Amino acid sequence: MTTVPDVSAASITPVVVRLKLSLLRNGLRQSGGRRAAYIVSVVVALLVAALQLLGLIALRGNAHAAAVSLPLVAVLALGWAVMPLFFPSGDETLDPTRLVMLPLRPQPLVRALLVASLVGVGPLFTLCLLTGSVISVAHGATAWVTAVVGVVLALLVCVALARAVAAANIRLLSSRKGRDLAVLSGLVVAVGAQLVNFGAQRLGSSGGLSALDPAADVLRWVPPASAIGAVDSASEGSYGSAVVQLALCGAVLAGLLALWSRHLTRLMTSPDGSTLQAAEPAARERGSSGLARLLPAGRTGTVMERSLRYVWRDPKTKAAWVTSLAIGLIVPVFNALQGTGSAYFACFAAGMLGIQMYNQFGQDTSAFWIVAMTISSTRDAYVELRGRALALLLITLPYATLVSVLTTALLGAWRQLPEVLGLSFALLGAMLATGAWSSARFPYSIPQEGYKNVAPGQAGLAWIAIFGGMVSAALLSAPVIALTIWLNVSADGDRWSWLLLPLGALYGALITLLGLRLAAPRTARRLPEILAAVSKG
């Protein structure tokens, strides 16, 4: 009977580290552009780290230094936790399934991968911020000794957290749905930027760094920020608190390593979908979904269901919709929370979603030829466009209503709710009308791979279609806007302002129907040109 030799961590750790360096080196050899991009990213990351380090050192001696350092480390750890979800291809060694055929035990592999994870720009950036954080709060010999231990623990917790999250979700991240998360990373950046802006404004209006003290009092007991809290406690002579805070960080590190090891064992011993036969034949008959039963019969319902499935399944379409939904809510609500907004900012939600009507055929890419084969008359084109518009309205109408109600509630401007809703519905109708016409007149292709939303050579078409359409929509909405202004400046306008809701809704419906009627003949005539344009990418 033969046994598999036990491979120690000491023997595989150098191998895994060399593997990490080889993957990095070979990746940079692929092209000069990739090398240039990597060098630029490294320089920018190190420059930001150096500036952060100098800023934290400048806080040394400030009474609120810990109030800055502790939240900073907590946000840094949060970044390590979500990084594998949005950038699964950023580090090829994040995928342990590549090693399942090797005779490796989980414990030595965990230690080897942990050491290899310390190689890279991310750990160096984190080390700079952690070093600056402890410098800002450390005072006395005991605090400096605690700082050395605290920096090591905090760094290991961040790295182990990223690895544990990646191992727990590796089946998802290696699938098509998991790769959709990378497409949505732009949404995280956009939302994060708004949150940072909101936090900075709140901080500036609340009297400075002292506003962070309550958050810091909580975070000093939350690993890995508790490691920095231990340094602060040691500086103040609270050695018992410092020991407990370091122990908390060490316990979390041990727990993360155990969780990581457990997931590695499961990945290396459990079969996945590629090794198991499907539970049922692939050709199994599927009944109509609940969504299909709720939609109208005939071509209209079919078009609506197809459009809604694109929103749910296609990565690029999903990213555009989720981004519009988030930004359309963030802008009016955050301005209302700051007390600087207006109830009319709620119209931003309808505008953001109305953009989704532009380039309807480009969203289909080369699959549009199947749709084109079913359009043989102006009537077919009209029903196709109408179905797409109704699918958009199915999401946009309740969403715009919700944002309008929420914004007016936060501002206490309930009197303006009918005006806001009327304007939103009129603007939405105008954008549906111009979007339908623009989709037929200025179609362009959306590449399925990468992060580009326009095929090379078609950027001009995209600018004309979107911004030209938005200007036209604003002009078409002018009658409702003018009526709103007139009622607000009129002496007895408050008595009649409620009429803007039905008038705006009626105007939006009529302008949408008119736009669809005008776009249908052009769509039917230009099918070959549309098909060639959307298939270019």
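Numbers for residues simply follow the sequence, beginning at 1. Nothing here was measured: the structure is a model prediction, and the numbers come from that model.
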Exercise for the section: Determine whether Cys158 and Pro224 make a side-chain contact, defined as any pair of heavy atoms from C-beta on separated by less than 4.5 Å. Expected result: yes

Exercise for the section: Dump the intermediate steps for side chain to side chain contact (heavy atoms under 4.5 Å, CB included) on Thr126 and Leu76, then the final yes or no. Expected result: CA-CA 8 Å; Thr126 303; Leu76 188 65; 3.4 Å; yes

Practice task
Calculate, to the nearest 0.5 Å, the distance between atoms CG and CG belonging to Leu516 and Leu390 respectively.
Solution key: 8.5 Å

Practice task
Mind checking the CG-CE spacing from Leu392 to Met431? Nearest 0.5 Å is all I need.
Solution key: 9.5 Å

Practice task
Determine, for Glu529 against Arg522, whether the closest basic-nitrogen to carboxylate-oxygen distance falls under 4.0 angstrom.
Solution key: no

Handout entry: Within-4.5 Å side-chain heavy-atom neighbours: Glu419 and Trp498
Key = no

Problem - Worked verdict on Phe345 versus Val420 for side chain to side chain contact (heavy atoms under 4.5 Å, CB included) - result: CA-CA 9 Å; Phe345 279 16; Val420 172; over 6 Å; no

Fill in the blank from the handout: The reported gap from CG in Leu501 to CG in Leu506 (rounded to nearest 0.5 angstrom) is 11.0 Å

Exercise for the section: Nearest 0.5 Å please: distance from the OG atom of Ser424 over to the OH atom of Tyr344. Expected result: 11.0 Å

Exercise for the section: For the pair Thr374 and Arg299, evaluate side-chain hydrogen bond (donor to acceptor under 3.5 Å, both in side chains) and give the outcome as yes or no after the intermediate values. Expected result: CA-CA 10 Å; Thr374 66; Arg299 178 168 184 149; 3.0 Å; yes

Exercise for the section: Looking only at non-hydrogen atoms, find the nearest pair between Pro123 and Gly120 and report the distance. Expected result: CD-O, 3.5 Å

Exercise for the section: Find out whether Trp80 and Val157 are in side-chain contact, i.e. whether some heavy atom of one side chain is under 4.5 Å from a heavy atom of the other. Expected result: no

Practice task
Could you tell me whether the side chains of Arg415 and Thr408 share a donor-acceptor contact shorter than 3.5 Å?
Solution key: no

Problem - Donor-acceptor pair, side chain of Thr317 and main chain of Val311, under 3.5 angstrom - result: no

Practice task
Could you check if a side-chain atom of Leu46 sits within less than 4.5 angstrom of a side-chain atom of Phe125, using non-hydrogen atoms only?
Solution key: no

Exercise for the section: Establish, from distance only, whether the side-chain atoms of Ser477 and Tyr507 form a donor-acceptor pair under 3.5 Å. Expected result: no

Fill in the blank from the handout: Nearest heavy-atom contact between Val403 and Gly328 is CG1-O, 3.9 Å

Exercise for the section: Answer yes or no: is there a side-chain heavy-atom contact under 4.5 Å between Leu500 and Pro418? Expected result: no

Exercise for the section: Keeping the roles fixed (side chain from Asp364, backbone from Val371), state whether a donor-acceptor pair exists under 3.5 Å. Expected result: no

Practice task
Nearest 0.5 Å please: distance from the CG atom of Leu531 over to the CZ atom of Phe361.
Solution key: 11.5 Å

Practice task
Report the C-alpha separation of Val303 and Val383 in whole Å, then their side-chain angles, then the decisive distance to 0.1 Å, and conclude whether the side chain to side chain contact (heavy atoms under 4.5 Å, CB included) test is met.
Solution key: CA-CA 9 Å; Val303 173; Val383 176; 5.6 Å; no

Problem - Main-chain N/O of Gln356 paired to Gln360 side chain as donor or acceptor, under 3.5 Å - result: yes

Problem - Min side-chain heavy-atom separation Arg306-Glu384 under 4.5 Å - result: yes

Fill in the blank from the handout: Here the gap from Leu56 atom CG to Ser133 atom OG, rounded to the nearest 0.5 Å, amounts to 5.0 Å

Problem - For the student: nearest non-hydrogen atoms of Ala49 and Cys128, plus distance - result: CB-CB, 3.9 Å

Exercise for the section: Using a 4.5 Å cut-off on heavy atoms from C-beta on, say whether the side chain of Thr434 contacts that of Tyr358. Expected result: yes

Problem - Contact summary for Pro332 and Thr407, nearest pair of heavy atoms - result: CB-OG1, 3.6 Å

Completion exercise
Closest non-hydrogen atoms of Thr484 and Asn488, given as atom of the first, atom of the second and distance, are O-ND2, 2.7 Å

Practice task
For Tyr399 and Leu329, indicate whether the former's side chain and the latter's backbone hold a donor-acceptor pair under 3.5 Å.
Solution key: yes

Handout entry: Over all atoms of both residues, closest heavy-atom pair of Cys347 and Leu423
Key = SG-CB, 3.7 Å

Problem - Validation row: Ser438, Asn359 side chains within 4.5 angstrom (heavy atoms) - result: no

Fill in the blank from the handout: Taken in chain and number order and not counting sequence neighbours, the residues that satisfy side-chain contact (heavy atoms from CB on, under 4.5 Å) with Ala381 are Ile375, Ala520, Thr523, Ala524

Exercise for the section: Might you work through the side chain to side chain contact (heavy atoms under 4.5 Å, CB included) test for Leu394 and Leu308, ending with a clear yes or no? Expected result: CA-CA 9 Å; Leu394 198 62; Leu308 294 173; 3.8 Å; yes

Handout entry: side chain to side chain contact (heavy atoms under 4.5 Å, CB included) partner of Met357, chosen from Leu393, Leu432, Leu428
Key = Leu432

